[in-house]
Amino acid sequence: MAQSFQDSPPNIKRHLSSPFFKIVVVEGGDEGQADTKGAAENVLYIHKAVLAGLSPELEKHVNNDMKEGRNNTLVVREVDYSVMQMFVEFAYTQSYTLPEDTPGGKEILIHVKLFSLADRFNVQKLMEVSFENLTSDLQILGSLMVGGPKADTLDYIMQACLYAFANLPTRPPTPAQCEAVRYEGSDNTAAGAFLLHFVSSRVHYFARCTFFEDYLELDLKLAKRILCFVSVALPCLEDPWEYIYD
């Protein structure tokens with residue numbers, strides 16, 4: 001039976017009667033490194049058909065004659081275990097929930113990490129869901145900044161910006177491109193563009209924080225990109241999410 005890749009409701013009985021597939025989340029090391037000795041490992045289990053049905057990319061990982069396919073095991077690096085837990089939750093429910101004690105601003109970092117993970121495995125539906133959550137929460141945070149944002153909140157947003165810039169392609173948030181995001185929400189450049197627009201359009205808040213300069217020194221290319229975005233963002237009267245939530 002051909003995989004639907006979320007285009008139609010899953011065959012629940014077939015999915016839940018399939019064998020379990022093991023996901024090993026390794027903290028530390030390189031993505032291509034096969035040996036996990038000495039690294040911290042956490043394990044998750046998911047029905048094989050559920051994982052394979054998420055995308056053509058994952059279907060190839062699950063159903064192949066190589067070691068991971070034969071052993072029903074996928075080793076994933078450079079991903080937080082908690083983020084991978086939300087990925088598995090999404091596989092079954094088509095949504096994910098944040099921990100109740102998530103501090104303000106950290107939800108942005110989590111959405112970006114899930115967006116990046118979805119991009120890695122070409123899970124288009126998760127890209128769309130995490131992107132919608134990202135822009136919605138940025139809209140809320142933007143409205144709360146009028147009274148003066150907390151430094152911790154800005155810190156998490158900068159961490160998200162750095163993560164997006166390191167793991168995803170970015171593009172300038174011109175009005176025409178923002179309009180395109182309205183129809184192409186799963187575009188893998190969208191998350192970085194929205195975050196950089198958010199930071200550049202509120203750079204006066206971030207510049208007051210001591211960590212802002214430290215983050216820019218960590219990645220001079222990001223610093224240059226933010227400066228370029230400032231020239232684009234400041235003349236804009238609307239945030240990019242206005243093209244989505246109008």
Side-chain angles (χ1 to χ4, degrees), residues 1-102 106-107 109-134 163-164 166-168 185-188 191:
M1 182 180 295
Q3 296 289 345
S4 63
F5 306 119
Q6 303 178 345
D7 289 335
S8 59
N11 185 326
I12 300 299
K13 291 183 178 180
R14 179 176 66 84
H15 281 191
L16 297 185
S17 63
S18 68
F20 278 107
F21 199 87
K22 183 179 180 180
I23 300 177
V24 180
V25 184
V26 182
E27 297 182 6
D30 297 326
E31 182 68 25
Q33 182 181 338
D35 184 13
T36 62
K37 185 177 180 180
E41 296 183 10
N42 290 289
V43 176
L44 291 166
Y45 291 92
I46 182 173
H47 287 91
K48 188 172 184 177
V50 173
L51 183 62
L54 289 174
S55 72
E57 178 72 20
L58 283 168
E59 197 277 335
K60 293 177 182 177
H61 280 282
V62 169
N63 297 313
N64 62 58
D65 294 328
M66 301 177 69
K67 183 178 179 181
E68 59 185 11
R70 294 194 306 270
N71 296 342
N72 284 342
T73 301
L74 175 65
V75 177
V76 181
R77 298 179 184 274
E78 299 178 342
V79 176
D80 298 338
Y81 180 66
S82 59
V83 171
M84 201 70 211
Q85 285 180 308
M86 285 181 266
F87 180 89
V88 172
E89 177 188 4
F90 172 85
Y92 286 100
T93 66
Q94 301 294 282
S95 63
Y96 60 87
T97 54
L98 301 177
E100 293 184 359
D101 58 349
T102 301
K106 190 173 182 179
E107 70 275 18
L109 179 59
I110 293 173
H111 296 324
V112 170
K113 288 184 175 182
L114 278 165
F115 186 92
S116 177
L117 181 60
D119 178 54
R120 183 192 303 188
F121 292 117
N122 194 28
V123 184
Q124 291 296 315
K125 182 62 178 178
L126 179 55
M127 290 181 71
E128 294 172 5
V129 171
S130 57
F131 178 72
E132 290 174 2
N133 290 340
L134 171 67
Y163 190 91
N167 294 278
L168 294 162
S186 61
D187 175 10
N188 67 354

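The heavy-atom pair separating Gln94 from Val129 by the smallest distance is O-CG2, 4.1 Å. Shown here for Phe21 and Asn72, the closest heavy-atom pair between the two residues is CE1-CA, 3.3 Å. Scanning all heavy atoms of the two residues, the minimum distance from Thr102 to Leu98 falls at OG1-CB, 3.9 Å.
The distance from atom CD of Glu59 to atom CG of Asn122, rounded to the nearest 0.5 Å, is 12.5 Å. Interatomic distance, Met127 CE to Ser55 OG, rounded to the nearest 0.5 Å: 11.0 Å. Note that CE of Met86 and CG of Leu114 are 5.5 Å apart. Values are rounded to the nearest 0.5 Å. Taken from CG in Leu74 to CG in Leu51, the straight-line distance is 7.0 Å, to the nearest 0.5 Å. Atom CG of Leu44 is separated from atom OH of Tyr81 by 4.0 Å, given to the nearest 0.5 angstrom. In this structure, CG in Asn63 is found 5.0 Å from NZ in Lys48, a value given to the nearest 0.5 Å.
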- Any chance you could lay out the side-chain contact (heavy atoms from CB on, under 4.5 Å) test for Asp119 and Leu168, step after step, and finish with the verdict? CA-CA 8 Å; Asp119 178 54; Leu168 294 162; 3.5 Å; yes
- Task: Check the pair Val123 / Leu58 against side-chain contact (heavy atoms from CB on, under 4.5 Å), numbers first and verdict last.
- Result: CA-CA 8 Å; Val123 184; Leu58 283 168; 3.9 Å; yes
- Item | Derivation of the side-chain contact (heavy atoms from CB on, under 4.5 Å) call for Met84 and Lys113 | CA-CA 10 Å; Met84 201 70 211; Lys113 288 184 175 182; over 6 Å; no
- Task: Would you check, one step at a time, whether the test side-chain contact (heavy atoms from CB on, under 4.5 Å) holds for Phe90 with Lys125?
- Result: CA-CA 9 Å; Phe90 172 85; Lys125 182 62 178 178; 3.5 Å; yes
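Between Phe20 and His47, the ring center distance clears the sub-6.0 Å criterion.
Exactly one residue among His111, Glu107, Glu128 makes a side chain to side chain contact (heavy atoms under 4.5 Å, CB included) with Asn133. That residue is His111.
Side-chain contact between Val25 and Val43 is absent, with no heavy-atom pair separated by less than 4.5 Å. In this structure, the side chains of Ile23 and Val76 come closer than 4.5 Å at one or more pairs of heavy atoms. Under the 4.5 Å side-chain criterion, counting only non-hydrogen atoms from C-beta, Val79 is in contact with Arg120.
Taking the six-membered ring where the residue is Trp, Phe121 and His61 present perpendicular rings, their angle passing 60° and hence far from 30°.
One N or O on the side chain of Ser130 and one on the backbone of Leu126 form a donor-acceptor pair closer than 3.5 Å. No donor-acceptor pair under 3.5 Å is formed between the side chain of Ser82 and the backbone N or O of Asp80.
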